Asks: 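Pasting a structure below so you can have a look.
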Number of protein chains: 2
Amino acid sequence: MALRHAVLAALLEGEASGYQLAKRFDVAVANFWSATSQQLYRELERLEQEGLVQARVVEQLRRPNKRMFTLTASGRDELRAFTRQPARTTAIRDDLLVKLQAIDSGDHSAVRAAVSTRLEQARDKLAQYDRLRDDLLAGRDEDEYLRDAERVGPYLTLMAGQLYEQLNIHWCTTVLEALAQRSATSRAANPTPR
Amino acid sequence: MALRHAVLAALLEGEASGYQLAKRFDVAVANFWSATSQQLYRELERLEQEGLVQARVVEQLRRPNKRMFTLTASGRDELRAFTRQPARTTAIRDDLLVKLQAIDSGDHSAVRAAVSTRLEQARDKLAQYDRLRDDLLAGRDEDEYLRDAERVGPYLTLMAGQLYEQLNIHWCTTVLEALAQRSATSRAANPTPR
DNA sequence: TCACACATGTAACACGTTACATGATTTG
DNA sequence: CAAATCATGTAACGTGTTACATGTGTGA
């Protein structure tokens, strides 16, 4: 039951509709949690019933009404209690790594292509995170920010995202080099497994 | 449907019982996929029905019989086909990062403790991976290994695991420093949010 | 004797993904 | 004129987690 806490944490940034939350999850929250809009609507429904968030309907001309959600006091309490609970270890599940594990009896060039794709995605994400960081810092340097800012959480998770994408770039590059080296040698470039 | 492919990839290491597979998932496979034994038993059942793995019953004295699973030819084909499919982007979901995002209205010292715990776990895992690497290399150096070894997949995923844990160590350390610096300044050490 | 490793499984539930449904407005 | 954005949702299905159930052998 951690999606609920990710939603509550995302609402610390301020009131949002389901749709806006989904956007938020696509950009700023993507560093630490991912969810589809369907999950969000379902979860917001529950959170409202449990009184952890509050909805107000905003009527709009020529657009469907939207419901804007805000944290309630008990929502904040719940989030605070959550930070006290022991964190469970993260489950790593990465499709690309499964492909890499199987590369020796798989399609060599397809896997190489997949690694290249990941490399590009990592570069794009990193650029995006760099922009987010500039927005957060707003001219201040890091030390200044860490001392004076209202909230440091978003900055620290963003840092994790940046480091993670840098890692991806480094790792993808190394893997591509290793694979290139291997096909260049006397071994068959992509031997069919027995 | 990626658990099935992780299972097939894990069986490339050789025949295993459900129980042994669970062990394998706890150590060598943990770099790229995680699964509980319950998931594994369920998935092996299906894979057998679809003819992607084959089971043979090994009778044991004074212990329950076990079923040893092997990849079939169509299991290998399936795995190969999987490496050709486009990889979907990985969903990041990390409890600890949610806590960090919420730290400014959460329990400061509890979150710091959680980061410390993660730091220790990362160190342990890294040490474990270093040992696995030595086993894989078996005296050869990296270049030699990448040129000559039968399979490079397990090495490359292991490398990802090592880099990931190094990242964790780096990030946790930086976060702890940043938080320490922050509590040392004139701001209240752990202000209760409004 | 107590805990841990071996060995497999069922059942219930929670969570995540995909497809479908609707319909106006803005941008290219 | 087509595509993307805004805005919300239902339904069906697939995956992952937790609790329970069973029983022997081994080592501290």
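Chain letters run A, B, ... following the sequence lines, proteins first and then strands; every chain starts at 1. Everything numeric here is computed off the predicted structure, so don't read it as measured data.
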Asks: Using whole Å, what does the distance between atom P of nucleotide C:dG9 and atom CG of B:Asn65 come to?
Replies: 10 Å
Asks: In this structure, how many angstroms lie between the P atom of D:dT15 and the CG atom of B:Leu40, rounded?
Replies: 14 Å
Asks: Looking at B:Glu13 and B:Arg151, is there a salt bridge between them, counting it only when a charged N and a carboxylate O are closer than 4.0 Å?
Replies: yes
Asks: Would you mind reading off the distance between A:Leu21 atom CG and D:dG9 atom C1', rounded to a whole angstrom?
Replies: 15 Å
Asks: Between the base of C:dG16 and the side chain of A:Arg42, is one N or O donor paired with an acceptor at under 3.5 angstrom?
Replies: yes
Asks: Would you mind telling me which of C:dC6, C:dT8, D:dT8 lies closest to the side-chain atoms of A:Tyr19?
Replies: D:dT8
Asks: Expressed in angstrom and rounded to an integer, what is the separation of A:Asp26 atom CG from D:dA4 atom P?
Replies: 15 Å
Asks: Separation of B:Leu47 atom CG from D:dT15 atom P, in whole Å?
Replies: 11 Å
Asks: Rounded off to whole Å, could you give me the CZ-to-C1' distance for the B:Arg24 and C:dA7 pair?
Replies: 16 Å
Asks: Could you check whether A:Ser17 gets within reach of a base, just the sugar-phosphate, or nothing at all, counting any heavy atom under 4.0 Å?
Replies: sugar-phosphate
Asks: Where the side chain of B:Tyr41 is concerned, which of D:dT5, D:dT17, C:dG9 is the nearest nucleotide?
Replies: C:dG9
Asks: Under the criterion salt bridge (charged side-chain N to carboxylate O under 4.0 Å, His left out), I'd like the reasoning laid out for A:Asp95 against A:Arg118: C-alpha separation, chi angles, the key distance, then a yes or no.
Replies: CA-CA 11 Å; A:Asp95 234 32; A:Arg118 169 69 65 90; over 6 Å; no
Asks: Output yes when at least one side-chain N/O atom of B:Gln38 is less than 4.0 Å from OP1 or OP2 of C:dG9, else no.
Replies: no
Asks: Could you give the CH2-to-C1' distance, from A:Trp33 to C:dC15, as a whole number of Å?
Replies: 10 Å
Asks: Return the value, rounded to whole Å, for the distance between atom CG of B:Leu44 and atom P of C:dT10.
Replies: 13 Å
Asks: If each of A:Arg88 and B:Arg46 is mapped to the nucleotide of DNA chain D with the nearest heavy atom, which maps nearer the 5' terminus, i.e. the 5' end?
Replies: B:Arg46
Asks: Between B:Glu142 and B:Arg133, is the closest basic N to carboxylate O distance under 4.0 Å?
Replies: yes
Asks: Assign each of B:Ser37 and A:Leu3 to its nearest nucleotide of DNA chain C by heavy atoms, then name whichever residue's nucleotide is nearer the 5' end.
Replies: B:Ser37
Asks: Answer yes or no: is there an ion pair linking A:Glu120 with A:Arg123, defined by an N-O contact shorter than 4.0 Å?
Replies: no
Asks: Of the nucleotides C:dG16, C:dC6, C:dT8, which one has an atom closest to the side chain of B:Lys23?
Replies: C:dC6
Asks: Just compare D:dA7, C:dG9, D:dT17 and give me whichever is closest to any side-chain atom of A:Arg93.
Replies: D:dT17
Asks: Does A:Arg67 pair with A:Glu15 as a salt bridge, N-O distance under 4.0 Å?
Replies: no
